[in-house]
Amino acid sequence: MTTFMDVHHGMKGITPDELSAAHRADLEIEAEEGVHFERAWADPEAGVVYCLSEAPSADAVQRIHERTGHPASEIHPVPLSV
């Protein structure tokens, strides 16, 4: 499994409740693609959301996000962390 950080643009004004609902929607179907979403962060003023996950591929991450209605603008593997 690889760790991925994905970025969503265009989510200006997202509220804590909306971020939580979007994260829950991902969690509800993540197992179908072998993905596990760890955490999500947002900057409502900039309209940017970040999600951290473990998954077999970036495509698997994107498929979950597409199915839940918020496709990622960028998905980056995170091969090193401290």
Side-chain angles (χ1 to χ4, degrees):
M1 293 287 265
T2 302
T3 300
F4 292 94
M5 177 67 72
D6 61 74
V7 184
H8 305 257
H9 296 283
M11 300 185 84
K12 194 167 185 125
I14 190 168
T15 66
D17 287 341
E18 290 168 333
L19 179 63
S20 181
H23 185 64
R24 278 194 315 273
D26 291 335
L27 294 176
E28 287 176 5
I29 63 169
E30 68 182 9
E32 296 174 23
E33 293 283 350
V35 175
H36 177 61
F37 289 95
E38 299 284 335
R39 191 169 183 134
W41 301 265
D43 179 343
E45 287 186 32
V48 181
V49 171
Y50 305 91
C51 300
L52 183 69
S53 63
E54 287 192 355
S57 68
D59 289 339
V61 172
Q62 186 69 292
R63 284 191 295 269
I64 294 296
H65 282 320
E66 287 175 351
R67 289 176 55 197
T68 56
H70 46 270
S73 304
E74 308 167 34
I75 302 175
H76 304 277
V78 183
L80 179 65
S81 65
V82 294

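Of all non-hydrogen atoms in Ala25 and Thr68, the two that sit nearest each other are O-CG2, 3.4 Å. Nearest heavy-atom pair, Gly34 versus Pro56, reported as atom, atom and distance to 0.1 Å: O-CD, 3.2 Å. Taking all atoms of both residues into account, the shortest heavy-atom contact from Ala60 to Glu33 is CB-O, 3.8 Å. When every heavy atom of Ile75 is checked against every heavy atom of Ala72, the shortest pair comes out as CG1-CB, 3.8 Å.
Note: the hydrophobic cluster containing Trp41 does not contain Ile64 (ILVMFWY, side chain heavy atoms under 4.5 Å, direct or indirect links). Clustering ILVMFWY residues whenever any of their side-chain heavy atoms sit less than 4.5 angstrom apart, transitively, puts Met1 in a cluster other than the one holding Phe4. Hydrophobic cluster membership differs between Met11 and Val48, with clusters built from Ile, Leu, Val, Met, Phe, Trp and Tyr side chains linked at under 4.5 angstrom. By the criterion of side-chain heavy atoms lying less than 4.5 angstrom apart, applied directly or through intervening Ile, Leu, Val, Met, Phe, Trp or Tyr residues, Val7 is grouped together with Val78 in one hydrophobic cluster.
With rounding to the nearest 0.5 Å, the separation of OG in Ser53 from CE in Met5 is 9.0 Å. A distance of 7.5 Å separates OG1 of Thr3 from CD of Glu38, quoted to the nearest 0.5 Å. Distance check: Glu74 CD to Gln62 CD gives 11.0 Å after rounding to the nearest 0.5 Å. Considering CZ of Arg24 and CG of Leu19, their distance stands at 10.0 Å, rounded to 0.5 Å.
Looking at heavy atoms from C-beta onward, Arg63 lies out of side-chain contact with Val35 at the 4.5 angstrom threshold. Counting heavy atoms from C-beta outward, Glu32 and Arg67 have side chains that approach closer than 4.5 Å.
Checked against a 6.0 Å centroid threshold, the rings of His65 and Phe37 count as neighbours.
A donor-acceptor distance shorter than 3.5 angstrom exists from the side chain of Lys12 to the backbone of Glu45, with no hydrogens or angles considered. In terms of modelled atom types and a separation under 3.5 Å, the side chain of His8 and the main chain of His70 share a donor-acceptor contact.
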Item to complete: Starting from the C-alpha separation in whole Å, work towards a yes-or-no answer on side chain to side chain donor-acceptor pair (under 3.5 Å) for His36 and Glu54.
Response: CA-CA 5 Å; His36 177 61; Glu54 287 192 355; over 6 Å; no
